[in-house]
Amino acid sequence: MKASQFLISTLKEAPADAEIVSHQLMMRAGLIKKLGAGIYNYMPMGLRVIRKVEAIVREEMNKAGAVELTMPVVQPSELWQETGRFDKMGPELLRIKDRHGRDFVVQPTSEEVITDIARQEIRSYKQLPKNFYQIQTKFRDERRPRFGLMRGREFTMKDAYSFDRDMVSAKASYQVMAEAYRKIFDRFGLQYRAVAADSGAIGGDLSEEFQVIAATGEDAIIYCPTSDYAANIEKAEALAPQRARPAATKPLTKVPTPGKSTCPDVAELLGVPLATTVKSLVLATDEVDEHSAIVKSQIWLLLLRGDHDMNEVKVGKLPGFEKGFRFATEAEVVDHFGTKPGYLGPLNLKKPVRVVADREVAIMADWICGANEADFHITGVNWGRDLPEPELVADLRNVVEGDPSPDGKGVLAIERGIEIGHIFYLGTKYSKAMNATFLDEGGKPQFFEMGCYGIGITRLPAAAIEQNHDDKGIIWPAAIAPFEVVIVPMGYAKSEQVKAAADKLYAELQAAGVDVILDDRDERPGSMFADWELIGVPYRLVVGERGLKEGKIEYKARTDAEASMLDATTTVAHVRGLLGR
RNA sequence: CGGAGUGUAGCUCAGCCUGGUAGAGCACUGCGUUCGGGACGCAGGGGUCGCAUGUUCGAAUCCUGUCACUCCGACCA
């Protein structure tokens, strides 16, 4: 490719709405251009990166035995009605109508359509297992799109779906994907971690997220540096403390805490550690009739240590919370506790509530909580003495740095990550909902055992940039760089010698199968160097009269501090060596 | 969806408070000088100031409405 034929549109300043470095650099390097909130043009330079990501993913998926197909971006609502997701999914599912007023959705994912294909096409156990995938445009009407391609509304995802005859086989298919994903992410040259994820209602451990490690990541990754344990924050279990509850030593005392409605404020006022306070969270679960009208609400009081945070996924699994929960309204709080949030506690309730204590809270003695009276807290609270033992003790909180690892082999550490892949065992959730069956050896219909496997194709370049950049710009891993090599001639239009040498080098590299761009724009050297460092091409070759006099070509990797000189005659071989071809 | 904020040239922004014929830098075009680390000079092109209403002799500026976008909170590749 010659730069004069291509489109290079770099910016010195980043647009004001680009917050994080990957977004800023993608805009400045002219990779993407915003068309609307969370909707981007992939400009020629950016599309080359996307295509390379796709090619790697496609190659490894094919090697793993998956077969490619594509499903429509716009899908009729009927299939989505079958699984109930047309109504159940929130507004992130974009629903549209055609000219006849019929409902359609813009696919955020394709379980319905692929299950429909499977139930029509796969009739016998002899055709199993199968794994279908597509690389296709997705749309999720995010509440808050941000960070460029990191959280766009329209994006490209590779989504794969496996179909198996039974759970044993399905788990084997899952493992094949887990292995393929590692190969894929290894090829991108990024630091990543595969972490155990929560698999929701289906249960089991068969869900992993692939997280690219980056300080700006939106997800917290929990891992154990001394073992191979890794999980996301939703999943990581806070083990029950091994120590016994200390004996009560302090009397129950009501203390004034005017205006101090949070645990940190109260701890500071009383001069005690935050870990001696207990925070009260009031939740409600609703029983609904067939019209989704609330017929009865149960109020719950969850107790967590003042320095801990509630984990909504864990809470959602408590007995009684299976059908969802919400925060109680202020009216419900006043009704049961006699005061507004800020001074709540399990003592002196106006109406009974069900109490759930976190494992840590259950072994606390002499703790502090709200008095159920504005501007007062109670100190020296003790289980058994001042209130009954908790009805239920459970893991309610997010783990924190230093908690023991669930595998018992050390303590937990936390880092940030960007989720670029997720693999998931689905079981028969969709096949049952859509009555998708095949015939087994006995001629009996059986539901497909399914799995689904996603990779955020367009998110990946953003994650790569977050992990690989410097003050000059992007530093692409060679595997996904828009070009592998750039030839920068000094005075291309002015010097016959330079032009001839640059053209020759360009032709030879092309012949060697190198993805090379020749910068024939005849810009000033400084601005060409700055452009290519911003764009992040891994290898740069400078052709100038100065070097040619000695028969040399200047070489510099994007990551090198200084350039070095190569013999013009061996330059192509050197580049081929770098790229391994 | 709740809270906050911003809409002026392709990009970054000034002008608005205090109404009076729309500005700068970068980018772009032409000419000249220069040219191995984002050059300089001269001359140019480009904006119905998000949109709509109202107030006014007169609105980028003031009022009202509306749309879009951005930021902060609960979901997700």
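Lettering follows sequence order; numbering is per chain, from 1. Worth saying up front: this structure is predicted, and the values here are computed from it rather than measured.
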- Select from A/Gly38 and A/Ala16 the residue whose nearest nucleotide in RNA chain B is closer to the 5' end of that strand. A/Ala16

- Message: Categorize A/Met490 for me: base, sugar-phosphate, or nothing, with a 4.0 angstrom heavy-atom threshold over every strand shown.
- Response: base

- Item | Polar side-chain contact A/Glu533-B/G37 base: donor and acceptor under 3.5 Å | yes

- Query: From B/A77, B/C69, B/G37, pick the nucleotide closest to the side chain of A/Lys34?
  - Reply: B/C69

- When rounded to whole Å, the CG to C1' distance for the pair A/Leu534 and B/C11 reads 14 Å

- Query: Does a donor on one side chain and an acceptor on the other come within less than 3.5 Å for A/Glu234 and A/Asn311?
  - Reply: no

- Item | G-U wobble or Watson-Crick pairing nucleotide for B/U55 (cut-off 3.5 Å, both distances) | none

- Nearest-Å distance once atom P is located in both B/C16 and B/G10: 23 Å

- Message: At 4.0 Å (heavy atoms only), tell me whether A/Glu218 reaches a base, stays on the sugar-phosphate, or touches nothing.
- Response: nothing

- Please work out whether the ring planes of A/Phe483 and A/Trp532 are parallel, tilted or perpendicular, with thresholds of 30° and 60°. perpendicular

- Task: Could you tell me whether a side-chain N or O of A/Arg153 sits under 3.5 Å from a main-chain N or O of A/Arg140, the two making a donor and an acceptor?
- Result: no

- Query: Which comes earlier along RNA chain B counting from the 5' end, the contact point of A/Lys494 or that of A/Gly454, where each point is its nearest nucleotide?
  - Reply: A/Lys494

- Item | Closest listed nucleotide, where the reference is the side chain of A/His422 and the choices are B/A77, B/C35, B/C69 | B/A77

- For B/C76, does either OP1 or OP2 sit under 4.0 Å from a side-chain N or O belonging to A/Lys138? no

- Hey, does the side-chain of A/Arg151 have a donor or acceptor N/O within less than 3.5 Å of a partner on the base of B/C76? yes

- Query: Using purine N1 to pyrimidine N3 plus N6-O4 or O6-N4 for Watson-Crick, or N1-O2 and O6-N3 for G-U wobble, each under 3.5 Å, what pairs with B/G73?
  - Reply: B/C1

- Roughly how many Å is it from CE in A/Met150 to P in B/C71, rounded to a whole number? 13 Å

- Message: So, does A/Arg146 get its side chain near the phosphate of B/C71, meaning an N or O under 4.0 Å from OP1 or OP2?
- Response: no

- Pairwise C1' distance for B/U8 and B/C69, with rounding to whole Å: 15 Å

- Query: Just checking A/Asp531: base, sugar-phosphate only, or nothing, at a heavy-atom cut-off of under 4.0 Å?
  - Reply: base

- Message: How many whole angstroms separate atom CG of A/Asp159 from atom P of B/C76?
- Response: 17 Å

- Please state whether the phosphate of B/A77, meaning OP1 or OP2, lies under 4.0 angstrom from any side-chain nitrogen or oxygen of A/Arg459. no

- Query: Which part of the nucleic acid, if any, lies within reach of A/Arg540 when heavy atoms closer than 4.0 Å are counted: base, sugar-phosphate only, or nothing?
  - Reply: base

- Message: Under 4.0 Å from OP1 or OP2 of B/C72: is there any side-chain N or O of A/Arg144 that close?
- Response: yes

- Message: Expressed as a whole number of angstroms, how long is the span from A/Met27:CE to B/G10:C1'?
- Response: 11 Å

- Message: Determine whether the aromatic ring of A/Phe529 stacks with the base of B/G38, defined as ring centroids separated by less than 5.5 Å and ring planes inclined by less than 30°.
- Response: no

- Which of these nucleotides, B/U70, B/C11, B/C35, is closest to any side-chain atom of A/Asp17? B/U70

- Task: Provide, to the nearest angstrom, the distance between the NZ atom belonging to A/Lys12 and the P atom belonging to B/A24.
- Result: 18 Å

- Message: Just the rounded figure in Å: distance from P of B/A77 to CD of A/Glu92.
- Response: 11 Å

- Residue A/Ser527, side-chain heavy atoms: nucleotide from B/G10, B/C76, B/G38 that is nearest: B/G38

- Query: For A/Thr571 and A/Tyr555, does a side-chain donor sit closer than 3.5 Å to a side-chain acceptor?
  - Reply: no

- Task: Give a yes-or-no answer on whether the side chains of A/Asp560 and A/Tyr539 include a donor-acceptor pair shorter than 3.5 Å.
- Result: no

- Is there a Watson-Crick or G-U wobble partner for B/U6 with both distances under 3.5 Å, and which nucleotide is it? B/A68

- Item | A/Phe147 CZ to B/C75 P, straight-line distance once rounded to whole Å | 16 Å

- Message: My understanding is that a pair needs two contacts under 3.5 Å, Watson-Crick or G-U wobble. By that rule, which nucleotide pairs with B/U33?
- Response: B/A39

- Note on the structure: Closest to the side chain of A/Glu13, out of B/G38, B/G25, B/A39, is B/G25

- When all nucleic acid strands are considered with a 4.0 Å heavy-atom cut-off, which category describes A/Gly473: base, sugar-phosphate, or nothing? nothing

- Message: Would you measure the distance from the C1' atom in B/U34 across to the matching atom in B/G23 and give it in whole Å?
- Response: 30 Å

- Cut-off 3.5 Å, side chains only: do A/Ser22 and A/Glu466 have a donor facing an acceptor? yes

- Task: Look at the side chain of A/Pro15 and decide which nucleotide, out of B/C69, B/C76, B/C11, has an atom nearest to it.
- Result: B/C11

- Give one of base, sugar-phosphate or nothing for A/Asp219, where a contact means two heavy atoms less than 4.0 Å apart. base

- Identify whether any heavy atom of A/Gly491 sits under 4.0 Å from a base atom; if not, whether one sits that close to sugar-phosphate; answer base, sugar-phosphate or nothing. nothing

- Item | Euclidean distance, atom CG of residue A/Leu93 to atom P of B/C75 [Å, nearest integer] | 18 Å

- Separation between the C1' atoms of B/C63 and B/G19, rounded to whole Å: 13 Å

- Query: Mind checking the C1' distance from B/G65 to B/C26? Whole angstroms is fine.
  - Reply: 36 Å

- Query: So, A/Arg558 side chain and A/Glu533 main chain: donor-acceptor pair closer than 3.5 Å or not?
  - Reply: yes

- Does the distance from a Lys or Arg side-chain N to an Asp or Glu carboxylate O, for A/Glu332 and A/Arg326, drop under 4.0 Å? yes

- Message: Need one value for A/Arg28: base, sugar-phosphate or nothing, where a base atom within 4.0 Å counts as base even if backbone is also close, heavy atoms only.
- Response: base

